[in-house]
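Shown next, in structure tokens, is the structure this report addresses.
The figures here come from the full heavy-atom set of this structure, side chains too, leaving out hydrogens, waters and symmetry mates. Every chain is numbered from 1 and lettered A, B, ... according to where its sequence line falls, protein lines coming before strand lines.
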Amino acid sequence: MTKQYVTTAIDYPNAAPHMGHVLEKVLADVCVRWMRLKGDDVRFQIGTDEHGIKIQQTAAKEKLTPKELVDRNVPLFQDLYARLGISADLFIRTSDRCKHWPTVMELWKRLQEEKMLEKRTYTGLYCSGCERFLTKKDLVDGNCDVHQRAPEEVREENYFFLLSKETAWLKKLLKKEYKIVPTFRENETLALLEQGCEDVSFSRPKSSLSWGIPVPDDPNQVMYVWCDALTNYISGLGYFTDHEMKQWWEDATVTHVIGKDIARFHALIWPAMLKHAGVRSPDRLLIHGFLTSEGEKMSKSLGNVVKPENVLAHFAGNPDPLRFYLSHEVPVGNDGDFSWKRIDELYIGVLSNKIGNLLNRVLVLLRKEGNEISVPVDASFSQLLKDHWPRYTESMDAFDFSTALTDHVVALAMAGNVKMEEKKPWTLTGTERAEVLGGIGEVLRHISLLLLPFMPETAQKISLQLGVPYAGKMLEKSFVITDEMKTWGGEKGWKAVSEPVILFPQLEKPENAALSPPRRAGHLSP
RNA sequence: CGCGGGGUGGAGCAGCCCGGUAGCUCGCAAGGCUCAUAACCUUGAGGUCGCAGGUUCAAAUCCUGCCCCCGCAACCA
């Protein structure tokens, strides 16, 4: 059995979660669910990165301690992910002193023993108004744009991680063991390596950063984000502490799902850190793009930040339309766009009118036959399915979710509707009628399985309504799609369907929606 | 010359690696059907494939140059 360890980046909880956070968790969850359905043994970890100056500043602004701030915000992430059906096995918090801190400190010590950390003096432009270092980008005519005054040059001590030593090793690693998906990101990273790596600042003086993990044996220094945050991937497994889950790193295929902004840290710093801590490198880095909102970069100043809870509310708490949208619209690798118009179009045009409606029309007709369903015989569909499964599998394994959904799931639903039109079962009687309806029912059974990684709840509802014997078990982590299930007519014990229930109810009519602003108010107000 | 992604009918995309009647979804128009969630099906209109050169019997597809949009450029998912 293949072991898989999948992680996402850990989120920064200085504010409520937004669509960008959700995109990553949904993509990772689809991967993970697909792995489980194939029969892989999977562990899936998500979490929060809770230290740093921004948390410190936000907390001060809100008159809270950093700890109070994160304890207030972290549940927002946890609740949201639970409502979205993110099937994580562990939610790790970097403020966790039992599991996380000891691992990080041990890792630091190992890097020090390996002479990979060096204390240096760093000189930067510090604005006392912002209480932080500014980059050249922040300056307008040499002044801090916020406080309209020149920053002062400040020198401070930092530990540096000597990443520059590892350039050659990293090149080899990235060409062989550590695979970056998609390929153009790999090329980008290799091109970057050609310029050579620079050493990375790994700590701050306690005076400028107090909210973080202390540097061992140096009371005046606190760890900066990289050593702290990246280490979550192994601290959550009990590395250097109880060692309990270590096999999930050592014997599994390790996949990190992250955004393009932090690609270089995961591609370069992280494996170099692990190397000097005596831990093997991860296997795969899956880099997704960002979400724009209504075609523009999502930002607070533009006021187009989409709140996930508004999307959930729009669909009466059902997470599946959003999960479908994100997997369907955002190809792994490139950027995608979130648009209210588009998500409604997909909901109405695809989920409701194609898939939901097909299920309903079949069930309504079967009800008139006492809900009995007979073994399907339609040879054309049998052949179609034989073709769809391997191609769907290929797309899923390549993280091409958009193709998996459009070319296979949606295409099948459309084929089902065409078949209805062609055979007109409502005009038939007896065996003829039963055979046609049995065939379309069987197509829906396959659609339900194909949808399972993307829309687990919906997939199960379809199978439950169809009365498929295994339907009740579909949401269990141990549920595996067997060859029999993939075979046309492969579910022998299937005898009767249940009552039809509308899967995707109609939304407000567009003209009414235009008259009632509340739906859009959420993302238009700052 | 910092790096990368993209420019295909009204909208969103596929095709480009491995040249050969330009495809899909939505929208629009007409027709059909009535089992179904004002759903479903069929047909049609609409494109000089960013621009300019080149290679070739033949280029959206290969080569060269240019223009435009977007993202990243080290700590903002």
Which nucleotide in the set [options] lies at the smallest distance from any side-chain heavy atom of [X]?
X	options	value
A:Asn417	B:C41, B:U37, B:C35	B:C41
A:Phe504	B:C75, B:U37, B:G71	B:U37
A:Trp226	B:A73, B:C75, B:U37	B:C75
A:Glu198	B:U37, B:C75, B:A74	B:A74
A:Lys54	B:C76, B:U42, B:A73	B:C76
A:Arg361	B:A77, B:U37, B:C35	B:C35
A:Asp335	B:G71, B:C41, B:C40	B:G71
A:Asn353	B:A38, B:C75, B:C40	B:C40
A:Glu188	B:A77, B:G4, B:C75	B:G4

With a non-hydrogen cut-off below 4.0 angstrom, is [X] in contact with a base, only sugar-phosphate, or nothing?
X	value
A:Leu192	nothing
A:Leu291	base
A:Asn357	base
A:Val364	sugar-phosphate
A:Gly349	nothing

Donor-acceptor check, side chain of A:Ser448 to backbone of A:Leu444, threshold 3.5 angstrom: yes or no?
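Checking the backbone N and O of A:Leu444 against the side chain of A:Ser448, no donor-acceptor pair under 3.5 Å is found.
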Would you call A:Glu345 and A:Arg342 a salt bridge, taking side-chain N to carboxylate O under 4.0 Å as the test?
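Between A:Arg342 and A:Glu345 there is a salt bridge, with a charged N closer than 4.0 Å to a carboxylate O.
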Are A:Arg264 and A:Glu188 ion-paired here, with the side-chain N under 4.0 Å from a carboxylate O?
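Salt bridge flag = no for A:Glu188 with A:Arg264.
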Give the rounded distance in Å between these two atoms: [atom1] of [X] and [atom2] of [N].
X	N	atom1	atom2	answer
A:Ile287	B:A74	CD1	P	17 Å
A:Phe202	B:A74	CZ	P	18 Å
A:Ile258	B:C72	CD1	C1'	13 Å
A:Leu193	B:G2	CG	C1'	16 Å
A:Asn360	B:A39	CG	P	14 Å
A:Leu230	B:A77	CG	C1'	14 Å
A:Leu351	B:C26	CG	P	13 Å
A:Asn158	B:C75	CG	P	14 Å

Ring-ring centroid check A:Tyr233 A:His266, cutoff 6.0 Å:
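Yes, close enough.
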Hey, does A:Ile343 have a side-chain heavy atom less than 4.5 Å from the side chain of A:Phe315?
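They are in contact (side-chain heavy atoms under 4.5 Å apart), so the answer is yes.
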Summarise how protein sits on nucleotides 27-34 of chain B as a single string, 5' to 3': B when a protein heavy atom is under 4.0 Å from the base, S for sugar-phosphate-only contact, - for no contact.
-----BSS
For every nucleotide of nucleotides 5-16 of chain B, 5' to 3': is a protein heavy atom under 4.0 Å from its base (B), only from its sugar-phosphate (S), or from neither (-)?
S-----------
Do we see a donor-acceptor contact under 3.5 Å between the side chains of A:Gln45 and A:Asn232?
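Judged by distance alone, the side chains do pair up.
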Between the side chains of A:Asp337 and A:Thr292, is a donor N or O closer than 3.5 angstrom to an acceptor N or O?
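The criterion, which ignores hydrogens and geometry beyond distance, is satisfied for A:Thr292 and A:Asp337.
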Please, what dot-bracket string fits RNA chain B when only Watson-Crick and G-U pairs with both distances under 3.5 Å count, crossing ones use [ ] and pairs to another strand use |?
.(((((((.[[[[.)....(..]]]].(((((.......))))).....[[[[[..)....]]]]])))))).....
Can you find a donor-acceptor N/O pair under 3.5 angstrom joining the side chain of A:Tyr12 to the base of B:C76?
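There is none.
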Would you measure the distance from the [atom1] atom in [N] across to the matching atom in [M] and give it in whole Å?
N	M	atom1	value
B:C76	B:C40	C1'	47 Å
B:C35	B:U48	P	44 Å
B:G53	B:G71	P	32 Å
B:G12	B:C3	P	29 Å
B:C70	B:C24	P	31 Å
B:C49	B:G9	C1'	10 Å
B:C67	B:A52	P	15 Å
B:A11	B:U56	C1'	36 Å

Of the options A:Phe161, A:Phe202, A:Trp226, A:Tyr224, which is the one that meets A:Phe265 in a ring-ring contact (aromatic ring centres under 6.0 Å, His included)?
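With A:Phe265 as partner, ring-ring contact (aromatic ring centres under 6.0 Å, His included) holds for just one option, A:Trp226.
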Apply ring-ring contact (aromatic ring centres under 6.0 Å, His included) to A:Tyr81 and list each qualifying residue two or more places apart in sequence or on a separate chain.
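Testing A:Tyr81 for ring-ring contact (aromatic ring centres under 6.0 Å, His included), a comparison that skips the adjacent residues, returns none.
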When you look at CD of A:Glu432, are more than 12 heavy atoms from neighbouring residues, nucleotides or ligands closer to it than 6.0 Å?
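No, the 6.0 Å shell around CD holds no more than 12 heavy atoms from other groups.
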Quick check: are there more than 12 heavy atoms from other residues, nucleotides or ligands sitting under 6.0 Å from NZ of A:Lys206?
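Result for NZ/A:Lys206: open.
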Full working for salt bridge (charged side-chain N to carboxylate O under 4.0 Å, His left out) between A:Lys307 and A:Glu309
CA-CA 5 Å; A:Lys307 291 184 186 169; A:Glu309 58 265 37; 5.5 Å; no
Cation-aromatic face contact A:Lys54/A:Tyr12, 6.0 Å, 45 degrees
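That pair does not qualify as a cation-pi contact.
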Reading RNA chain B from 5' onward, which residue's closest nucleotide shows up sooner: A:Glu345 or A:Ala191?
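That would be A:Ala191.
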Establish, with yes or no, whether the OP1 or OP2 oxygen of B:C26 is under 4.0 angstrom from a side-chain nitrogen or oxygen of A:Lys354.
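Yes, A:Lys354 has a side-chain N/O under 4.0 Å of OP1/OP2 on B:C26.
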Any side-chain N or O of A:Lys260 below 4.0 angstrom from OP1/OP2 of B:G4?
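Answer is no, no contact under 4.0 Å.
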Output all residues satisfying side-chain hydrogen bond (donor to acceptor under 3.5 Å, both in side chains) with A:His388, sequence neighbours left out; order by chain, then residue number.
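With sequence neighbours excluded, A:His388 shows a side-chain hydrogen bond (donor to acceptor under 3.5 Å, both in side chains) to A:His408, given in chain and number order.
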Does any pair with a residue in residues 364-373 of chain A pass salt bridge (Lys or Arg N to Asp or Glu O under 4.0 Å), and if so which ones, sequence neighbours excluded?
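Residue pairs with at least one partner in residues 364-373 of chain A: A:Arg367-A:Glu499, A:Glu369-A:Arg433.
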